[in-house]
Amino acid sequence: SGHDGAVFNLLHEPSTGLVINGQIVDTVHKAKHAHRLAKIGVITPNGAMVSFNTTTIETHTSDGVSKLYNYDSSNFIIVNDIDIQINTREKFRHYGARFNVGGSTFNIAIKESKDSIKFAIENERHVTTDVEGLLGFTMAKSYELHDDGSLTINGETMRYSYDSAEDSY
């Protein structure tokens with residue numbers, strides 16, 4: 001985690017130019033202070049930019065045309081080389097979006113009670129040893145979970161713990 005407003009590179013594919021970043025915000029939920037994922041930014045290989053936050057989706061084409069969408073209506077949006085399907089409350093447990101770029105698929109679910117975003121990689125087609133970013137590095141390298149609450153990625157060992165109240169590590 002990081003401080004309020006910190007931006008982390010989640011995934012970068014140098015071979016295609018795809019970049020996905022996440023932004024952290026400080027929140028209070030049930031009297032617990034936490035650093036939560038509040039924004040996802042995507043830069044596509046063809047130069048489109050899309051920003052997902054807990055209330056809106058902002059798109060910018062490579063030609064500079066900007067549009068703003070909310071999660072209230074089912075829409076299928078195409079911005080250059082990224083296809084976005086908005087998931088409304090009516091049809092999904094969590095509203096959010098699913099997007100495809102370069103043959104890879106990603107999901108965003110809005111956690112309203114925590115004012116945060118859940119980001120998931122459904123299918124990543126370009127995982128090679130040169131994929132970068134927090135998630136890209138983990139996906140491209142071998143990793144091992146140990147019974148003692150540690151994780152080893154590419155020879156580096158880290159500790160983790162499970163927070164049952166937050167249902168997360």
- Task: List the steps and the verdict of side-chain contact (heavy atoms from CB on, under 4.5 Å) for Tyr71 and Ile110.
- Result: CA-CA 10 Å; Tyr71 298 99; Ile110 307 304; 4.0 Å; yes
- Message: Between Ile84 and Phe76, does the side-chain contact (heavy atoms from CB on, under 4.5 Å) criterion hold? Intermediate values first, please.
- Response: CA-CA 6 Å; Ile84 305 163; Phe76 188 75; over 6 Å; no
- Query: Under the side-chain contact (heavy atoms from CB on, under 4.5 Å) criterion, do Ile40 and Asn21 qualify, and how do the steps go?
  - Reply: CA-CA 6 Å; Ile40 295 289; Asn21 293 324; over 6 Å; no
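In this structure, the side-chain hydrogen bond (donor to acceptor under 3.5 Å, both in side chains) partners of Thr54, at least two apart in sequence or on a different chain, are Asp115. Remark: Asp83 engages no residue in a side-chain hydrogen bond (donor to acceptor under 3.5 Å, both in side chains) (not counting sequence neighbours). With sequence neighbours left out, Asn53 forms a side-chain hydrogen bond (donor to acceptor under 3.5 Å, both in side chains) with Thr55, Thr56. Listed by chain and residue number, Thr44 satisfy the side-chain hydrogen bond (donor to acceptor under 3.5 Å, both in side chains) test with Asp81 (two or more places apart in sequence, or in another chain). The side-chain contact (heavy atoms from CB on, under 4.5 Å) search around Asn107 returns Arg98, Ala120, Glu122, not counting sequence neighbours.
You'll find the side chain of Asn80 reaches within 4.5 Å of the side chain of Ser62, heavy atoms only. In this structure, the side chains of Leu68 and Ile57 stay at 4.5 Å or more apart for every pair of heavy atoms. A 4.5 Å side-chain heavy-atom check between Phe99 and Ile20 finds at least one atom pair inside the cut-off. Side-chain contact check for Phe52 versus Phe119: every heavy-atom pair is 4.5 Å or farther apart. At least one side-chain heavy atom of Val42 sits under 4.5 Å from a side-chain heavy atom of Leu18. Side-chain contact between Ile86 and Tyr95 is absent, with no heavy-atom pair separated by less than 4.5 Å. Looking only at side-chain heavy atoms (C-beta outward), Thr59 and Thr61 stay at 4.5 Å or farther from each other.
A donor-acceptor contact under 3.5 angstrom links the side chains of Thr105 and Asn100, judged on distance only.
Formation of a donor-acceptor pair under 3.5 Å by the Asn70 side chain with backbone atoms of Asp72 is found in this model.
Nearest heavy-atom pair, Pro45 versus Val101, reported as atom, atom and distance to 0.1 Å: CD-CG2, 3.9 Å.
Between the NZ atom in Lys39 and the OG atom in Ser51 there is a gap of 4.0 Å [rounded to 0.5 Å].
Other cluster members for Val19: Ile43, Met49, joined by side-chain heavy-atom distances under 4.5 Å among Ile, Leu, Val, Met, Phe, Trp and Tyr.
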